[in-house]
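Below: the structure, in C-alpha cells.
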Amino acid sequence: MSSVDVLRAALTRAAVAIGAPEDVQPSLERPRDPAHGDWATNLAMTLAKPLGRKPREVADALIAALDAKGAGLAEASVAGPGFINFRLATADLAGGLARVLAAGTSWGHGTGGQGRSANVEFVSANPTGPLHVGHGRQAALGDAIASLLTSQGWKVTREFYYNDAGVQIQNLALSVQARLRELAGEPLAIPEGGYHGEYIKDIAATYRAERADDPRGDDLEAVRAVAVRALRHEQDLDLRAFGVQFDHYFLESSLYTDGKVDATVAALTRSGHTFEDDGALFLRTTAFGDDKDRVMRKRDGTFTYFVPDVAYHVTKFERGFTRAINVQGADHHGTTARVRAGLQALALGVPKGYPEYVLHQMVTVMRGGEEMKISKRAGSYVTVRDLIDEVGRDAVRYFLLMRKGDSQLVFDVDLARSQSEENPVYYIQMAHARLSGIFRVGEVDVASIDGSGVEWSALGEPEERELVKALLDYPDFVAAAADALEPHRVANWLLETARLVHTWYHKHHVLGEPEPVMRARLALARAAQLTLASGLGLLGISAPERM
RNA sequence: GCGCGAGUAGCUCAGCUGGAUAGAGCGUCGGCCUCCGGAGCCGAAGGUCGUGGGUUCGAAUCCCGCCUCGCGCACCA
C-alpha cells in the first residue's frame with residue numbers, strides 16, 4: 001500500500017467520523033506549489049454543502065479527527081478557501097522508492113488491460129512512395145500507444161494495412177510504365193494523378209533490368225508487381241531506420257482473393273440496410289449515425305474502398321481483438337463514421353465505438369526559419385528518412401511525440417539537431433547519462449541497490465523531495481497516458497523530471513558523502529535512472545549511459 | 001453551409017479530465033566552471049487563456065452564441 005492510499009484511507013475514516021456518507025471518496029492531488037505540501041484535498045469544500053457547515057470549519061474538524069501519525073503525516077493545515085495541505089514525514093515519502101527499486105524495469109506497469117488483446121493499426125501507407133513526415137508522426141504515435149497499452153497489461157498487435165488494390169496502385173503502375181517508355185526514347189507522359197518522384201525512375205530501371213523482354217512495360221500487371229514490391233521494401237527500410245516493428249502486415253488485396261469483400265457485400269445486403277440507386281449499390285449508413293448514405297458498389301461494378309475497409313475491420317473483430325485502435329491523419333476522419341456504421345449494420349455484436357480512432361493533425365517541417373517541403377527522393381514531400389538522416393532517430397521520435405496528436409505540429413529541424421540543453425531530447429537523455437555516470441565513477445553495482453538498509457529520512461532536501469514525488473507519480477502518468485492514448489503526456493513528464501534530476505544533481509553530491517546519505521542518494525539516483533529509462537523506452541527512445 | 005480539430009508569453013506548445021498566484025522549451029537580458037559530465041545550473045522580463053454570455057464556493061478546463069485558422073464534406077484512399 002502506497003503512502004497516498006494510507007492517507008486516503010485515514011482521510012475517509014476522518015470524514016465519516018464527522019458525518020460524511022460512508023461512500024465518500026476523498027480526492028488527493030499534488031499542489032502546484034511545493035510550499036503547499038506533498039498532497040492536498042478539496043474534501044472540506046465538497047463536504048461543506050451536505051454538512052451545512054463552512055468549508056474551513058469542516059477542514060478544521062477533519063484535521064482534528066485525522067490520525068495524523070498513522071497516516072505518516074508530518075503536518076496538516078488548512079489553506080485558502082478550504083484546502084487541506086498535507087506534508088508527509090520524509091521517511092514515509094522517500095520510503096516509496098523501495099517500491100520503485102523492487103519493480104525495477106517494470107516500474108510504471110499496470111494491469112488494467114488484464115491480458116485482453118488490442119490491435120493498433122498505424123502507418124498503413126499505400127505502397128506508392130517513401131514514407132512522409134505524416135507517416136512518421138503516425139509511426140511514432142502508434143508505436144508509443146502500443147507500448148503504453150502493453151505496459152498496462154494489454155496483449156498488443158502492431159498492424160500495418162496495405163492498400164494495395166486501389167486506383168492509386170494503378171496510377172503507380174502507369175507512372176512506372178511512363179518512365180519505362182521515356183527510357184525507350186518516347187516522350188514522357190505521366191498520367192493524371194500519377195507519381196513524379198525520383199524513385200519511380202529507380203523502379204523503372206529495376207524493371208528494365210529484370211524484364212529485358214518488355215522494355216516498354218506493356219505487361220502492366222508485371223510492372224505493378226515490381227513497383228509494389230520495391231516500395232514495400234522501401235517502406236520497410238524507412239520503418240527499420242525508425243525502429244518500428246510490426247507484428248502483422250495485412251494486404252487489402254487479400255480481402256478480395258479470400259472472398260471477404262464479396263462475403264461482406266452479401267451480408268450487408270442480407271441485413272436489409274442496402275438499396276440501389278441509379279445503378280449503384282448503397283448502404284444506408286445514415287441509420288447508424290453517418291451524415292450521408294455511402295456507395296458500396298459503383299455503377300462501373302467496382303467497389304469503393306469503404307467495402308474492403310468494413311471487411312477488414314470484421315476480421316479484426318473475428319480475430320478476437322477486444323479493442324481496435326486506428327492511428328490516422330485527421331484528413332481521414334470522414335471514414336470513422338462509415339466504418340463503424342458498416343460494422344453496426346452487420347449486427348455481429350461489434351461494440352458501437354469499434355474501432356477507436358486516434359487522429360493526428362499535420363506536421364510542418366521548419367529549417368532555417370523556412371518551411372521545408374521538398375525531398376530529393378520523393379520530390380513533393382519531406383520523408384521520414386530525410387529527418388532521421390538529419391537529426392537522428394531519437395530526436396525524430398521525441399519531436400513527433402511531444403505534442404498532443406490533435407495539435408498541428410511544427411518540427412524545428414535546427415532545434416532537433418542541436419546537441420545541447422536547448423534540445424529537450426538531449427536534455428532528457430543527458431539526465432539519464434549523468435545518473436549512469438555516478439554509478440560508473442563510483443563503481444557501484446546497480447543490482448546491489450535494492451532499497452534494503454536505506455535510511456530514507458536522509459532524503460530531506462527540497463530537491464530530493466520533489467524528485468521523489470515525480471518518480472512516485474510516474475505510474476499514474478503512464479496509466480493516464482495509456483487510458484487517453486496520449487503519449488505526449490509521457491514526453492512532458494520526462495522533460496519535467498529530467499529538470500528535477502539536473503537541479504538535484506547540480507546541487508547535491510552523491511559519491512563521497514557520509515555513508516547513510518550516500519546510500520540514500522544512490523537509491524534515489526537508481527530509482528530516477530530506472531524511471532527515466534522506462535519513460536524513454538515507452539516512446540521508443542534510447543536511454544544512453546554515456547553521450 | 002455542415003462535421004471534426006485548434007485559438008494560452010515574441011515563437012512552438014503543456015495544463016494531470018473543475019481548484020490556490022496559469023506553466024515549459026526556444027528566443028531576449030543578467031549571473032555561476034577547485035567538486036560524481038558546464039552537453040549543466042540559477043535568476044529576470046514577458047499573459048484581458050480568441051470573444052460574449054451561462055453553470056458554481058471556484059472555469060483555460062463544462063454548456064450555449066459569435067469570430068479567426070486548419071482538415072474533411074466522392075460512385076478517390
Side-chain angles (χ1 to χ4, degrees), chain A residues 27 29-33 36 40 42 45-46 48-49 54-55 79-83 85 124-126 128 163 165-169 171 193 252 277-282 291-292 294-306 308-309 329-337 359-362 364 366 369 402-412 414-415 418-424 426-427 429-431 433-442 444 473 476-477 480-481 483-484 486 488-489 491-493 495-496 499 502-503 505-513 521 525 546-547:
Chain A
S27 78
E29 60 187 32
R30 295 285 192 197
R32 200 192 304 273
D33 184 348
H36 290 149
N42 61 359
M45 288 181 281
T46 59
K49 189 172 274 183
K54 290 177 183 165
F83 289 101
N85 292 327
S124 293
N126 298 343
T128 54
N163 292 106
V167 180
Q168 310 199 20
I169 298 297
N171 287 334
E252 181 191 3
D277 184 40
D278 198 17
L281 181 66
F282 283 73
D291 53 5
K292 177 188 261 191
R294 303 294 168 176
V295 172
M296 294 168 57
R297 193 175 55 227
K298 296 180 262 180
R299 254 181 305 184
D300 67 9
T302 62
F303 297 110
T304 59
Y305 74 94
F306 154 67
D309 243 20
D331 55 339
H332 283 70
H333 91 264
T335 68
T336 68
L359 302 179
H360 69 265
Q361 299 287 331
M362 311 178 81
T364 314
M366 298 290 285
M402 66 184 181
R403 305 303 183 204
K404 190 167 56 174
D406 36 55
S407 300
Q408 290 181 34
L409 186 151
V410 175
F411 193 115
D412 183 340
D414 302 310
L415 181 59
S418 79
Q419 304 196 359
S420 68
E421 57 167 314
E422 50 198 29
N423 183 344
Y426 278 88
Y427 186 84
Q429 290 182 315
M430 184 59 202
R434 281 186 138 175
L435 294 169
S436 306
I438 295 174
F439 306 124
R440 186 168 56 243
V441 172
V444 177
D473 286 346
D476 290 340
F477 266 86
D483 192 49
E486 291 182 348
H488 78 278
R489 298 187 190 209
N492 288 331
W493 180 91
L495 188 60
E496 178 57 31
R499 183 190 346 281
H502 285 304
T503 302
Y505 178 93
H506 186 260
K507 196 154 180 186
H508 305 290
H509 268 251
V510 177
L511 303 175
E513 294 295 307
R521 288 183 179 169
R546 55 202 323 167
M547 297 174 70

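Lettering of chains follows the sequences in order, A, B, ..., and the numbering in each one begins at 1.
- When heavy atoms are screened at a 4.0 angstrom cut-off, A:Ala40 is found touching base atoms of the nucleic acid.
- Residue A:Ser407 places at least one side-chain N or O under 4.0 Å from the OP1 or OP2 atom of B:A14.
- For the ring pair (Phe, Tyr, Trp, His ring centres under 6.0 Å) test, residues two or more places apart in sequence or in another chain that qualify with A:Phe411 are A:Phe399.
- Residue A:Leu359 is out of contact with every strand shown, counting any heavy-atom pair closer than 4.0 Å.
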Could you list all N or O pairs between the protein and nucleotides 68-73 of chain B that sit under 3.5 Å apart?
residue, atom, partner, partner atom, Å
B:G70, O2', A:Gln408, NE2, 3.2

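- Of the candidates B:C13, B:G25, B:A77, B:C13 carries the atom nearest the A:Arg403 side chain, counting heavy atoms from C-beta on.
- Taking atom P in both B:G5 and B:G65, one finds a spacing of 14 Å when rounded to whole Å.
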message: With side-chain contact (heavy atoms from CB on, under 4.5 Å) as the criterion, how do A:Asn492 and A:Phe477 come out once you've worked through the C-alpha distance, each side chain's angles and the decisive distance to 0.1 Å?
response: CA-CA 10 Å; A:Asn492 288 331; A:Phe477 266 86; over 6 Å; no
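- The glycosidic torsion of B:C33 lies within 90° of 0, which places this base in the syn conformation.
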message: Let's test your reading of the pairing rules: Watson-Crick or G-U wobble, both distances under 3.5 Å, then write RNA chain B as a dot-bracket string with ( ), [ ], | and dots.
response: (((((((..((((.....[...)))).(((((.......))))).....(((((..]....))))))))))))....
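- Listed by chain and residue number, A:Tyr427 satisfy the ring pair (Phe, Tyr, Trp, His ring centres under 6.0 Å) test with A:His502 (two or more places apart in sequence, or in another chain).
- When heavy atoms are screened at a 4.0 angstrom cut-off, A:Asn85 is found touching base atoms of the nucleic acid.
- Scored by the side-chain hydrogen bond (donor to acceptor under 3.5 Å, both in side chains) test, A:Lys49 finds no partners at all (sequence neighbours excluded).
- Neither OP1 nor OP2 of B:C42 sits under 4.0 Å from any side-chain N or O of A:His502.
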Please tabulate the protein-to-nucleotide N/O contacts below 3.5 Å involving nucleotides 29-36 of chain B, giving atom names and distances.
residue, atom, partner, partner atom, Å
B:C35, O2, A:His509, NE2, 3.4
B:C36, O2, A:Leu511, N, 3.1
B:C36, N3, A:Val510, N, 3.2
B:C36, N4, A:Tyr505, O, 2.7
B:C36, N4, A:His508, O, 2.4

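- Partners of A:Phe439 under the ring pair (Phe, Tyr, Trp, His ring centres under 6.0 Å) rule, at least two apart in sequence or in another chain, do not exist in this structure.
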Could you pull out the protein-nucleic contacts involving nucleotides 56-62 of chain B (nitrogen or oxygen on both sides, under 3.5 Å)?
residue, atom, partner, partner atom, Å
B:C57, OP1, A:Lys49, NZ, 2.7

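- With sequence neighbours excluded, no residue satisfies side-chain hydrogen bond (donor to acceptor under 3.5 Å, both in side chains) with A:Arg403.
- Distances shown here put every side-chain N or O of A:Tyr426 at or beyond 4.0 Å from the OP1 or OP2 atom of B:C26.
- Among residues two or more places apart in sequence or in another chain, the side-chain hydrogen bond (donor to acceptor under 3.5 Å, both in side chains) test is passed with A:Asp309 by none.
- A:Ala481 comes within 4.0 angstrom of no nucleic acid atom, judged by non-hydrogen atoms across all strands.
- Residue contacts for A:Ala480: at a heavy-atom cut-off of 4.0 Å it reaches no nucleic acid atom on any strand shown.
- For A:Arg30, the salt bridge (charged side-chain N to carboxylate O under 4.0 Å, His left out) partners at least two apart in sequence or on another chain are A:Asp473.
- Residues of residues 299-306 of chain A having a heavy atom closer than 4.0 Å to RNA chain B, listed by number: A:Arg299, A:Thr304, A:Tyr305.
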